[in-house]
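This report refers to the structure that appears directly beneath it.
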Number of protein chains: 2
Amino acid sequence: MLELRHLRTLAALHETGSVSRAAKRVHLTQSALSHQIKSLQSHYGLSVIQRRGQSIELTDAGKHLVSLAEKVLQEIQATERDLAKVSQQASGSLRIALECHTCFDWLMPLMDEFRLHWPDVELDLVSGFHSDPVKLLEEGGADVVIGSEHKRQRDIIHHPLFRFEILAVLAPEDPLRTKRILHAADFADTTLITYPVPEDRIDLILNVLKPAGIHPQRRTAELTVAILQLVASRRGVAALPSWGIKNYVDHDYVIARRIGSNGLWSDLYASTLKETASRPYLRDFLTTARNTCFATLDGIVPLE
Amino acid sequence: MLELRHLRTLAALHETGSVSRAAKRVHLTQSALSHQIKSLQSHYGLSVIQRRGQSIELTDAGKHLVSLAEKVLQEIQATERDLAKVSQQASGSLRIALECHTCFDWLMPLMDEFRLHWPDVELDLVSGFHSDPVKLLEEGGADVVIGSEHKRQRDIIHHPLFRFEILAVLAPEDPLRTKRILHAADFADTTLITYPVPEDRIDLILNVLKPAGIHPQRRTAELTVAILQLVASRRGVAALPSWGIKNYVDHDYVIARRIGSNGLWSDLYASTLKETASRPYLRDFLTTARNTCFATLDGIVPLE
DNA sequence: CATATTTATGAATTTAATTCATTGGTTTTT
DNA sequence: AAAAACCAATGAATTAAATTCATAAATATG
C-alpha cells in the first residue's frame, strides 16, 4: 500500500537524480530506498525508475508519482502550518545569523516566502560578524545560525542543510586558466579576494593553503558581486560556492576551477537550540530551505 | 512522522464517527487505531479527537487533517488511474450483476462517475434474475456480483462493502404502528410486498419468518417506489434497507420499524474472480463504491 | 585494466505497528 | 439502582515490516 514514505522518496529521487543521494536526502541508506522502490514497483506492477548508466531516470509512471508527491507534500506542509495556528504555536521569533555570506543569494527569497506563511513570526537577519555564532544562540542573540559548524554540543542541534563545492574563481584571461585543477601552490603569487572575515573562517585558507604553508595576499569585499568584479578585473582570485557563481561562469564573466583533485567541499548546517528545534515554524523554515535549495541550487549534495 | 495510514484513519473517523467503526472501515482493530491516534496527537502536540460520551468528535485540528486527508486520498486515486493508463491496464469489462434490487439507488450515480474515469472500460449491468450469481462469475457472464453471499470459495473473492439494517415498512395508519419493534408473529396476517425473487433470497423470510413458521401472503413489484406505493396504500408491508426508504420515512409517506430486538441486518459484498480483483479499475470501482456509500447512505456500518 | 561509484539483493536486525487482554467510563436496559 | 452493553484507552506481547549490513553486479573513470 502506498505510503507517504514512498512519495517522499520519489520526490528525493527527482530532486537528486540518484538513489544514493536521495537516500541521504531522506536520511536513509541506499539499500532502504532500493527496497522501497522495488516494493512500490511490484505493488503497481510497473517500473518507476530506470538505470541510466551511473545514475537513474524516472519513467512515465515515476513522473506521475513525483508530481503527486510534490502536490501532496506541499498540501501537508500547508496543513501543518494551519495546525500550528490552531494550537497557537504560530508566533515567536526567528532571527537568523549568517556565517556564509554567499547564502544571502538563496536566503532572501526564502525569507520572503516565509513571511507570507508565518505573518506572526518576527523574522530578522542578525547582521555583523560574530566570533562564536553558537554562543549567539545561547545568549539569545539569534535563533538560527547558518554556517558550517557542526561539532556536537549540549543543547544545540545542527540541522544539516547541504554540501557544496567551493571553486576557485579566475578572470577568463588568468594564466591559471590552462589548469583543470588548482592546487595550493598555484595560489602562492596571487591576491585572494574574500569576504571581510578572519582567516580561520575561510575554508580555502584553513584547509588548503595554511596546511601547505602558503599565505597569499588578501583583499576583502562585502558583496559577492564586488568580489566577482574584482576577480574579473584581474585584481586577484576568489573561492566561492559553485552555485553562487554559476550565472557569472555561464556568461563567461569569470571562470571556475576545482581546488584539489577531490575538490574543496563545505557543509552547511542550520544550528538552533534544542528547544527551538521543535517549533513548527522552525521546522517549516528548514524544510522549505532544503526544498528551495535543492530545487534551485546546482551541484549541491545531501548531507549526513 | 505523518503517514498516509494516519490520513486514512482520519478519513474513516470522519466517515463513521467512532473509533471502532473506523477501525473496521480500514480493516484494523480498535486498539490499533487508538494507538495510531495517540501517536499522531503526540507528534503534533495537540488532540485530534475528543470523547463525546458514547462516540467521538473531531477537534479543529482533526478537521484540518480530515480535509487534508480527503484531498490527498482523492489525488492518489486520480494518480492511480493515470498509472493504469500508463501501463495500459485501463481497459476491460465491468459487467455488474445486482442481487440487491434497492442497490440501484446508489449504483446508478456511481456508474456515471465510473464511466467518466474509465472511458475505455465496458461498463454494463447484467439484468434479470440469476439463481446462482457466483456461477455467473465463473461462466464469464458477469465480472462483479453485488449481493450478500460470502461463503469462502476457491478463486472467488468477496470484497466487503457494508452492513445495513432492514426495516419493516408500514403505512402511517397501519395498526402495527404502535409497536416500536416488530416480531415474526406481527407479520402473520399481513401481505408481504417484495421484489420478484425467490423466498430464499428475502432476508426477512429466510431469517425471521420461516424459522418462526410464519408464511404471510406475498405480492411482488419490480421497483422500490412501486413497493412503497403499495405499502402507503395499505396493500401490505415491506422490508427494505433503511437507507433505501429514508426519504420516504422523513416525509411521512411511510413509517419504518425495527425487526426483532437486535434488528435485521444484512451484509453486502462485491464478489469477483480472483484474477479480476487485481485490475486497477476494479479496485477503483470498489473504493469509490465504499466511499460514496459511506458518505451518502445513512445508517450503514463497516463490515469485517 | 584497475578503480571509483552506483544500484540491486538476500539475510539479519531493528524498529514500529498491530493485536491481545484488560480497564475505566458512558449509556442503556431491566 | 444495578446490570448489561458499548466504547475507547492502555500496557505488554506479538507480529509484521522497514531498514541496515554485507556483498554482488554493473557501469563509468582514469
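None of these values were measured; they are calculated from a predicted model. The figures that follow rest on heavy atoms only: side chains count, while hydrogens, waters and symmetry mates do not. Throughout, protein chains are lettered first and strands after them, A, B, ... in sequence-line order, and every chain is numbered starting at 1.
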B/L28, B/L33, B/T29 screened by side chain to side chain contact (heavy atoms under 4.5 Å, CB included) with B/S31, the one that passes: B/T29

Any donor-acceptor N/O pair under 3.5 Å between D/dT10 base and B/S31 side chain: yes

Syn-anti status, with the boundary at 90° from 0, for the nucleotide D/dA26: anti

5'-most by nearest nucleotide on DNA chain C - B/R52 or A/G17: A/G17

Under 3.5 Å donor-acceptor pair, A/Q30 side-chain atoms to C/dA8 base atoms: yes

Selection from C/dT6, C/dT19, D/dG11 that lies nearest to any side-chain heavy atom of A/R21: C/dT6

Sugar-phosphate only, base, or nothing, as touched by A/S18 at under 4.0 Å among non-hydrogen atoms: sugar-phosphate

Pairing nucleotide - D/dT27, Watson-Crick or G-U, each distance under 3.5 Å: none

Touch class at under 4.0 angstrom, heavy-atom based, for A/S20 against every strand present: sugar-phosphate

Parallel, tilted or perpendicular: ring planes of B/H158 versus B/Y269, cut at 30 and 60 degrees: perpendicular

From C/dT9, D/dT10, C/dT18, nucleotide with atom closest to B/K38 side chain: D/dT10

Pairing nucleotide - C/dA4, Watson-Crick or G-U, each distance under 3.5 Å: none

Closest to the B/L28 side chain, choosing from C/dG10, C/dA8, C/dT19: C/dT19

Nearest-neighbour nucleotide for the A/R5 side chain, D/dT19, D/dT20, C/dG10 considered: D/dT19

Name of the residue among B/K24, B/K151, B/R163 meeting salt bridge (Lys or Arg N to Asp or Glu O under 4.0 Å) with B/D267: B/R163

Any donor-acceptor pair under 3.5 Å from A/N207 side chain to A/L204 backbone: no

Distance-only polar pair, side chains of A/S271 and A/H159, donor-acceptor under 3.5 Å: no

Donor-acceptor pair under 3.5 Å, B/H35 side chain vs C/dT19 base: yes

Atom-to-atom span, CD of A/Q50 to P of D/dT27 - whole angstrom: 12 Å

B/Q36 side chain near C/dA17 phosphate (N/O to OP1/OP2, under 4.0 Å): no

Closest-nucleotide 5' rank along DNA chain D - winner of A/R51 and B/G53: B/G53

